[in-house]
Each structure stands twice: as C-alpha cells, then as structure tokens.
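Contents: one structure, followed by commentary.
Residue numbering restarts at 1 for every chain, and letters A, B, ... go by the order of the sequence lines.
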Amino acid sequence: MRVSLNASCPFNLDATLCCGQVFRWDRHDGWWYGVTGESVLKIRQIGDVLEFDNANTDFVKSYFGLKESLPEILSQISKDEHIKNAVDAFNGLRIIHQDPWECLISYICATYKNISAIRKMLFNISVKFGEKIRYEKYDFYTFPTSERLAKANIVELEDCGLGYRAKHLLATAKMVYNSKFDFEHLKQLSYEKAKEKLLNFSGVGLKVADCALLFSLEKFEAFPVDVWVKRAILKHYSSHFTKEFAEKISGKSLTKPEYEQLSFFGRSYFGKYAGYAQEYLYHYERMNH
DNA sequence: CAAGTGCCTTTATC
DNA sequence: AGATAAAGGCACT
C-alpha cells in the first residue's frame, strides 16, 4: 500500500518512532516493523511517500496521528525561538495513538529506567506472555492481554528484569482485568478526570499518568515532565520561575508539587497541544545535550 | 577494571 | 501537606 503525503501533511516516520514514545518497533533493511494489535505492521517512508504492508490506510493514518493537522498544531506551540528550533529540527514528528493498555504498562515499566532497558523489559514480557507471530523471516510477539498478565506470578515478572516494578504491573493488570476497565471511556473524560482515574492504578503517578494520557488517550494538553524535560525547562524557560525554585529542583528528582508546577507551566504556556511541545523539547534535548 | 552515576519515578513512612 | 528514603539492574564513564 502506498500513500502520498502532501505539503499540508508533514510526517517524519523515523523521528516519530525514534523519539522514545513507543518501545516495540524495530528496523530491518530500511523498513520499520511493529506489532499493532494482533498483527505486524511493516512501513517505510521515501520522501513524501509512505509505503506499508499488512494494514489498511485508515488504520495507519489514525495510528500515526496523520489525521491531526500538524502545521496548525506546530504554529500553536511555536511560542519562542527555542521551541521553533526543536520544531524545525524534527518537523513531522507526530504523537502516535498507542493502545492504552499497552501504553500504561509500558510507562509503569519506564519509571527510573532508560529507553534501552524499557525496550528489553517489554520485549521479555511479550515473549513470555504474548502470542508469537511469524512474519517474513522474523518472529514477533503480541503485547500480552490484561488477563494473561493478571494470571502471571510475581517471580515470572521479576525474571523479565522488572525489579520492584513487577508488583505494580501485576496489581494494575489484576485491577484492569477484574474490573473490565474501559480505557476507551477515558477518552471522553476531561484531562483532569481521566488523570484522576489513572492515578488509582498501582505504579502510576503523575508522570506515568501524563504519558498514558498523551500517548494513548488523545489528551494532547498533557505535559509529562521527566529529567530531560526538566533540564530543557531549566535551560530555556527558567525566567518563568523564581531563581530559588530553579536551583531547588536542579540535580534532584521532583516532588509532587514541583512536578505539578512544571507540568502546569507547560500546559498554560504552550496551550492545548502542550504535549506536542513536550515531545519536541524532549527529543531535541536528548539529541543535543 | 572497579566503582560511581544516571535512568521518560512511585510509594511508604514519617 | 510536604519532605525523605527505598526500590532492580544495566549501560555508560
């Protein structure tokens, strides 16, 4: 399948898959392979042409956020020179519409880990608890269902390299499975209400909730603040805070009120697409630190 | 090479 | 309410 992207629909597949929002995509021979739902999606971008196999066009457009008007979003968040530089560097980076269950579990695993470690944990979980799919010459695994993870035992999960995250993952899987939790319903709630619901899960604090809201529940005002975003804010937006506050939060992890303050700054300064600004700042900071 | 640091933080306990 | 310590393990220096 081929789709031509016109000038009003900028897209950068590599940046979108490399910027650390998703963890289960791999590149082989110039093509990206990832499991979405029950099947493997194979995709590459040559110039303004998107080529893919094993998926329909509507799904691809919706998964990669191609239905949002990126030029409109980028013009809304381009409030200053620094964000404009980040946007220019990675123009076409889009927020992926991930599966909410997989996204929540991924970011529970992500606490206090780096991206390569997160990828390993999620790979291990998928191999052990997911279904194998053979596609071309590679093996892939579906992301395990809440039922499968709810029925796992804690040692099996720890063996996936999860450490203390194993108990949070298990507790959340049990809550989701036993209550038949409806993630789709969260999309209809306000950012605040949906966040409140997510915070009830074990292993889900402000940062993890913001990631799930932004990357899978279409709450584009969510502004997750991790160490990289904190650094970017201190470097380029410190004038929005007192000198004492900036000094206090540098070089240590954030307390709850400190997190709230930074995240609130992001939402009010960048507006309703603050999450896009966050992702450009995050990626730009990581690539240029 | 050993040891230290950092990692897309949350929770339990004061 | 708000601060503090503890919680895998691995990659990188």
Side-chain angles (χ1 to χ4, degrees), chain A residues 15-25 86 90 93 95-96 98 102-125 128 154-173 175 195-217 219 222-235 244-245 247-267 274-289:
Chain A
T16 298
L17 290 175
C18 288
C19 71
Q21 58 177 322
V22 281
F23 306 102
R24 287 185 356 101
W25 281 85
F90 300 109
L93 188 164
I95 304 288
I96 288 178
Q98 297 185 45
E102 176 171 348
C103 186
L104 185 67
I105 293 299
S106 299
Y107 282 93
I108 287 175
C109 291
T111 66
Y112 215 57
K113 281 282 187 187
N114 57 37
I115 289 175
S116 66
I118 299 163
R119 288 174 59 87
K120 273 183 195 137
M121 288 187 282
L122 296 173
F123 176 77
N124 292 339
I125 291 173
K128 193 175 276 192
I154 194 81
V155 178
E156 289 179 296
L157 288 167
E158 284 166 353
D159 288 345
C160 294
L162 294 183
Y164 67 91
R165 297 161 197 81
K167 59 179 183 287
H168 298 308
L169 192 154
L170 185 58
T172 292
M175 274 200 271
K195 188 169 186 175
E196 211 174 284
K197 301 265 186 202
L198 290 177
L199 290 172
N200 291 323
F201 289 114
S202 180
V204 179
L206 299 172
K207 159 67 169 59
V208 173
D210 273 332
C211 287
L213 290 164
L214 175 61
F215 299 128
S216 70
L217 294 166
K219 302 302 176 197
F223 192 85
V225 181
D226 70 307
V227 289
W228 296 97
V229 171
K230 185 185 82 172
R231 282 200 276 261
I233 292 176
L234 285 173
K235 265 195 232 169
E244 297 76 56
F245 181 78
E247 279 171 12
K248 191 160 175 249
I249 66 170
S250 73
K252 70 164 194 72
S253 55
L254 298 172
T255 65
K256 202 169 166 182
E258 288 162 356
Y259 180 96
E260 297 276 26
Q261 202 169 147
L262 292 177
S263 187
F264 178 78
F265 158 73
R267 288 198 296 283
Y276 270 86
Q278 186 272 359
E279 207 51 19
Y280 278 90
L281 292 175
Y282 172 78
H283 195 48
Y284 193 59
E285 189 64 24
R286 279 174 55 89
M287 296 299 120
N288 296 293
H289 82 285

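- Of all nucleotides in DNA chain C having an atom under 4.0 Å from a heavy atom of chain A, the first and last in 5' to 3' order are C/dA3 to C/dA11.
- Comparing the P positions of C/dC10 and B/dT11 gives a spacing of 24 Å, expressed to the nearest Å.
- Residues A/T16 and A/Q21 are in side-chain contact: their nearest non-hydrogen atoms beyond the backbone lie under 4.5 Å apart.
- Proximity of a side-chain donor or acceptor of A/S106 to a complementary backbone N or O of A/E102 within less than 3.5 Å is detected.
- No option in A/Y107, A/Y282, A/Y276 other than A/Y107 meets the ring pair (Phe, Tyr, Trp, His ring centres under 6.0 Å) test with A/F215.
- Along DNA chain C, the nucleotide closest to A/G163 and the one closest to A/N114 are compared, and the more 5′ of them pairs with A/G163.
- Within 4.0 Å (heavy atoms only), A/C160 reaches no atom of the nucleic acid at all.
- Among the protein residues, A/K256 comes within range of no part of the nucleic acid, since none of its heavy atoms lies under 4.0 Å from any strand.
- Side-chain contact between A/S202 and A/H168 is present, with at least one heavy-atom pair separated by less than 4.5 Å.
- Atom NZ in A/K207 sits about 9 Å away from atom P in B/dC8, given to the nearest Å.
- Within a 6.0 Å sphere centred on NZ of A/K197, other residues, nucleotides and ligands contribute 12 heavy atoms or fewer.
- Contact detail for A/A222 and A/L213: the closest heavy-atom pair is CB-CB, 4.1 Å.
- Taking atom CZ of residue A/R286 and atom C1' of nucleotide B/dG6, one finds them 12 Å apart after rounding to whole Å.
- As a whole-Å value, the separation of A/Y282 OH from B/dC7 P is 10 Å.
- Nucleic acid contact for A/E158: none, since no nucleic acid atom lies under 4.0 Å from a heavy atom of the residue.
- Nearest-nucleotide mapping onto DNA chain B: of A/V22 and A/G203, the residue sitting toward the 5' end is A/V22.
- Residue-level contact check: A/K248 touches the backbone only, with heavy atoms under 4.0 Å from sugar-phosphate atoms and none from bases.
- Between A/R165 and B/dT11 there is no side-chain N or O to OP1 or OP2 distance below 4.0 Å.
- Summarising the geometry, the separation between CD on A/E285 and P on B/dC7 is reported as 11 Å, rounded to the nearest angstrom.
- Base orientation of C/dG8: syn, the glycosidic angle falling within 90° of 0.
- Heavy-atom neighbours of A/F123 CZ from other residues, nucleotides or ligands within 6.0 Å: at or below the threshold of 12.
- Ring geometry, A/F90 versus A/Y284: the interplanar angle exceeds 60°, so the pair is classed perpendicular (tilted spans 30 to 60°).
- Across the P atoms, C/dA6 and B/dC8 are found 23 Å apart, a figure rounded to whole Å.
- Side-chain atoms of A/R231 do not come within 3.5 Å of backbone N or O of A/S250 as any donor-acceptor pair.
- Here the P atom of nucleotide B/dG6 and the NZ atom of A/K252 are 15 Å apart, to the nearest Å.
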Base-pairing string, 5' to 3', of DNA chain B - Watson-Crick or wobble, under 3.5 Å, | interstrand | ..|||||.||||||
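- Nearest-nucleotide positions on DNA chain C place A/T111 closer to the 5' end than the other of A/K120 and A/T111.
- A/V225 comes within contact range of no nucleotide atom at all, as no heavy-atom separation falls under 4.0 Å.
- In this structure, A/F23 reaches neither bases nor backbone, as no heavy-atom distance under 4.0 Å exists between it and the strands shown.
- As judged by a 4.0 angstrom heavy-atom cut-off over every strand, A/L162 is placed among residues making no nucleic acid contact.
- Nucleic acid contact for A/V208: sugar-phosphate only, since backbone atoms but no base atoms lie under 4.0 Å from a heavy atom of the residue.
- Salt bridge status for A/D226 with A/K207: absent, with no side-chain N to carboxylate O gap under 4.0 Å.
- If you check every strand for non-hydrogen atoms under 4.0 Å, A/G20 touches a base.
- Look at CG on A/N200: it is 14 Å from P on B/dT10, rounded to the nearest Å.
- If you take NZ of A/K230 and P of B/dT9, they are 10 Å apart, rounded to a whole angstrom.
- If you take NE2 of A/H283 and P of B/dC8, they are 13 Å apart, rounded to a whole angstrom.
- Of the candidate nucleotides B/dT9, B/dT11, B/dC8, B/dT9 has the atom nearest to the side chain of A/S253.
- For A/R267, the salt bridge (Lys or Arg N to Asp or Glu O under 4.0 Å) criterion is met by no residue, not counting sequence neighbours.
- Contacts of A/E260 with the nucleic acid, taken as non-hydrogen atoms under 4.0 Å apart, are absent.
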